[in-house]
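Whatever order the structure lists ligands and atoms in, that order sets their numbers, starting from 1. Not measured: the values here are computed from a predicted model.
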Amino acid sequence: MSGSQGLDTLRDSPTGSGAPAAVGVLGGGRMGAGIAHAFLLAGSRVTIVERDADAAAAAAQRVLASVEASVVRGTADEDAAAYAARFATSTDVADFANCELVVEAVPEDLELKIDALTRVERVLAPAAALASNTSSISIDQLATLLDRPSRFVGMHFFNPVPASTLVEVVRGEASDPKLVDEARGWVRAIGKTPIVVADAPGFASSRLGVMLGLEAIRMLEEGVASAEDIDAAMTLGYKHPVGPLKLTDLVGLDVRLGIAEYLAQTLGERFAPPALLRRMVAEGRLGRKSGEGFYQWDAS
Ligand SMILES: NC(=O)c1ccc[n+]([C@@H]2O[C@H](COP(=O)([O-])OP(=O)(O)OC[C@H]3O[C@@H](n4cnc5c(N)ncnc54)[C@H](O)[C@@H]3O)[C@@H](O)[C@H]2O)c1
């Protein structure tokens with residue numbers, strides 16, 4: 001991608017949906033590809049920057065396959081070629097220079113993210129927005145080395161992005177309230193619903209979801225009911241689409257254990273991981289990805 005348009009020029013060619021005209025996504029893995037898909041369908045031009053050429057090619061394949069699937073399902077307005085024409089991949093963050101918004105979606109590692117965000121910020125126009133899709137790291141901590149923390153916010157998407165309707169907009173201490181409003185607008189423009197949360201550990205979704213999962217594991221440990229019956233209490237009794245133990249299997253017991261440890265450190269002992277969770281992780285019973293967790297899963 002090339003060109004030296006300023007943001008004003010880009011805003012003169014609006015998407016019609018309210019989505020930014022040009023969006024960058026750093027890291028085109030599971031989440032980054034989904035985020036790219038969402039903005040492409042809303043009319044944005046999207047550039048993914050990956051760490052090397054192979055990863056960039058893999059990201060392109062993921063995005064184009066999911067766009068194609070939306071076209072086939074009839075949930076996209078344009079044909080696949082029109083989306084492909086607005087999509088590019090690169091290995092150079094300089095290609096984000098014209099973006100109004102860049103969403104960072106590299107792995108959940110504090111130092112990696114801080115380094116990536118500072119490199120991206122350097123190439124952006126001062127008015128451009130920078131967002132992180134972190135699922136657990138503090139937005140204020142990520143902003144430590146940024147020159148313009150007022151233009152930085154959390155945008156926590158859910159997996160799989162195309163099928164998920166919630167985005168948590170995480171307001172850092174320094175995030176400009178105008179940016180928080182813009183971010184809410186962009187979330188609506190891609191057909192999802194924003195909620196605004198303060199930069200508190202676990203934001204709103206993980207804090208509540210993990211608490212329910214941990215209590216379900218403690219109930220199983222204490223013999224209160226079987227895994228199936230604990231899950232049915234929530235699916236049938238409270239109309240949750242999936243029970244807390246099955247959800248823990250889907251997310252991965254190791255992932256949930258990591259979040260619980262972090263929440264126990266930051267919010268207190270009420271998030272202390274149950275012994276059963278630790279034991280299952282130590283035994284490699286990680287849920288769907290390992291074939292066994294609270295349920296048996298077909299390994300294919
Ligand atoms: N997977 C989920 O369910 C989920 C849900 C919400 C949020 N998140 C968060 O989203 C982020 C990404 O998670 P994911 O599941 O997509 O991970 P992933 O491993 O699928 O993707 C990460 C991508 O980043 C790329 N990458 C690594 N270093 C890079 C660099 N320096 N520059 C550019 N690209 C680089 C990798 O090549 C990879 O394609 C994490 O912060 C994670 O916590 C994940």
Side-chain angles (χ1 to χ4, degrees), residues 24-38 46-66 88-96 99 102-123 130-139 141-143 145 152-170 187 192 194-195 197 199 201-210 213 242 247-263 286-289:
V25 180
L26 186 74
R30 177 177 273 271
M31 296 305 292
I35 294 165
H37 170 273
V46 176
T47 302
I48 287 184
V49 170
E50 261 288 353
R51 60 182 167 182
D52 58 39
D54 285 349
Q61 206 186 3
R62 269 190 288 279
V63 172
L64 295 174
S66 74
T89 57
S90 162
T91 55
D92 185 356
V93 291
D95 286 329
F96 285 150
C99 292
V102 173
V103 183
E104 168 277 308
V106 301
E108 192 78 348
D109 177 291
L110 178 65
E111 278 172 25
L112 175 69
K113 281 190 190 282
I114 287 184
D115 173 64
L117 288 164
T118 47
R119 281 189 299 113
V120 171
E121 187 192 49
R122 262 182 242 132
V123 307
L130 186 54
S132 174
N133 181 49
T134 178
S135 42
S136 65
I137 301 173
S138 155
I139 293 302
Q141 241 182 317
L142 290 176
L145 295 184
F152 179 57
V153 75
M155 287 178 82
H156 181 211
F157 289 78
F158 288 74
N159 179 27
V161 179
S164 304
T165 52
L166 177 67
V167 178
E168 284 183 300
V169 175
V170 185
V187 170
K192 304 194 187 295
I195 60 169
V197 296
D199 186 25
F203 310 137
S205 57
S206 300
R207 184 163 165 175
L208 280 174
V210 168
V242 52
L247 186 61
T248 304
D249 268 7
L250 293 171
V251 171
L253 274 66
D254 51 338
V255 174
R256 276 273 162 112
L257 175 60
I259 301 173
E261 282 172 336
Y262 170 70
L263 293 179
L286 306 181
R288 182 171 62 175
K289 64 185 165 193

Taking only distance into account, with no hydrogens and no angle test, what donor-acceptor pairs under 3.5 Å do side-chain atoms of residues 57-66 form with protein atoms, sequence neighbours excluded?
from	atom 1	to	atom 2	distance (Å)
R62	NE	G28	O	3.0
R62	NH2	G28	O	2.8
S66	OG	V63	O	3.2

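In terms of protein heavy-atom proximity, atom 35 (C) of ligand 1 is closest to V106 CG1, 3.6 Å. Of all protein heavy atoms, the one lying nearest to atom 10 (O) of ligand 1 is N133 ND2, 2.9 Å. Here the protein heavy atom with the shortest distance to atom 20 (O) of ligand 1 is R30 N, 3.0 Å. Among protein heavy atoms, the minimum distance from atom 21 (O) of ligand 1 is reached at G29 CA, 3.2 Å. Among all protein heavy atoms, the one lying closest to atom 6 (C) of ligand 1 is F157 O, 3.1 Å. The protein atom (non-hydrogen) at minimum distance from atom 37 (O) of ligand 1 is E50 OE1, 2.8 Å. The nearest heavy-atom contact from the protein to atom 14 (P) of ligand 1 is M31 CG, 3.8 Å. Residue, atom and distance of the protein heavy atom nearest to atom 27 (C) of ligand 1 are P107 CD, 3.4 Å.
Protein heavy atoms are found less than 4.0 angstrom from atom 41 (O) of ligand 1.
Taking the side chain as every heavy atom from C-beta outward, V167 and H156 never approach each other to under 4.5 Å. With contacts defined as side-chain heavy-atom distances shorter than 4.5 Å, the pair V170/M155 does not qualify. T134 is listed as a side-chain neighbour of L142, based on a closest heavy-atom distance under 4.5 Å. Side-chain contact between D109 and E111 is present, with heavy atoms from C-beta onward closer than 4.5 Å.
The pair K289-D254 meets the salt-bridge criterion, since a charged nitrogen lies less than 4.0 angstrom from a carboxylate oxygen.
Proximity of E104 to ligand 1 is not established, as no heavy-atom distance is less than 4.0 Å.
Within the listing of ligand 1, atoms 24 (O), 25 (C), 34 (N) sit less than 4.0 angstrom from a heavy atom of G27. The H156 neighbourhood of ligand 1 comprises atoms 6 (C), 7 (C), with distances under 4.0 Å to a heavy atom of that residue. Under a 4.0 Å criterion applied to the non-hydrogen atoms of N159, ligand 1 contributes the atoms 1 (N), 2 (C), 3 (O). Set against the non-hydrogen atoms of K113, the atoms of ligand 1 under 4.0 Å away are 40 (C), 41 (O). Each of the atoms 40 (C), 41 (O), 42 (C), 43 (O) of ligand 1 lies under 4.0 Å from some heavy atom of E108.
Neither the backbone nor the side chain of I137 comes within contact range of ligand 1; no heavy atom lies under 4.0 Å.
No side-chain N or O of E50 forms a donor-acceptor pair with one of T91 less than 3.5 Å apart. Residues T47 and D95 have side chains that never bring a donor and an acceptor to within less than 3.5 angstrom of each other.
Closest of all the heavy-atom pairs between E104 and L117 is CB-CD2, 3.7 Å.
With A58, G32, A105, A33 as candidates, the residue nearest to atom 22 (C) of ligand 1 on a non-hydrogen basis is A105.
Of the options S206, S205, S135, a side-chain hydrogen bond (donor to acceptor under 3.5 Å, both in side chains) to E168 is made by S205 and by none of the others. For the side chain to side chain contact (heavy atoms under 4.5 Å, CB included) test with D249, the passing option among L247, V251, L253 is L253; the others fail.
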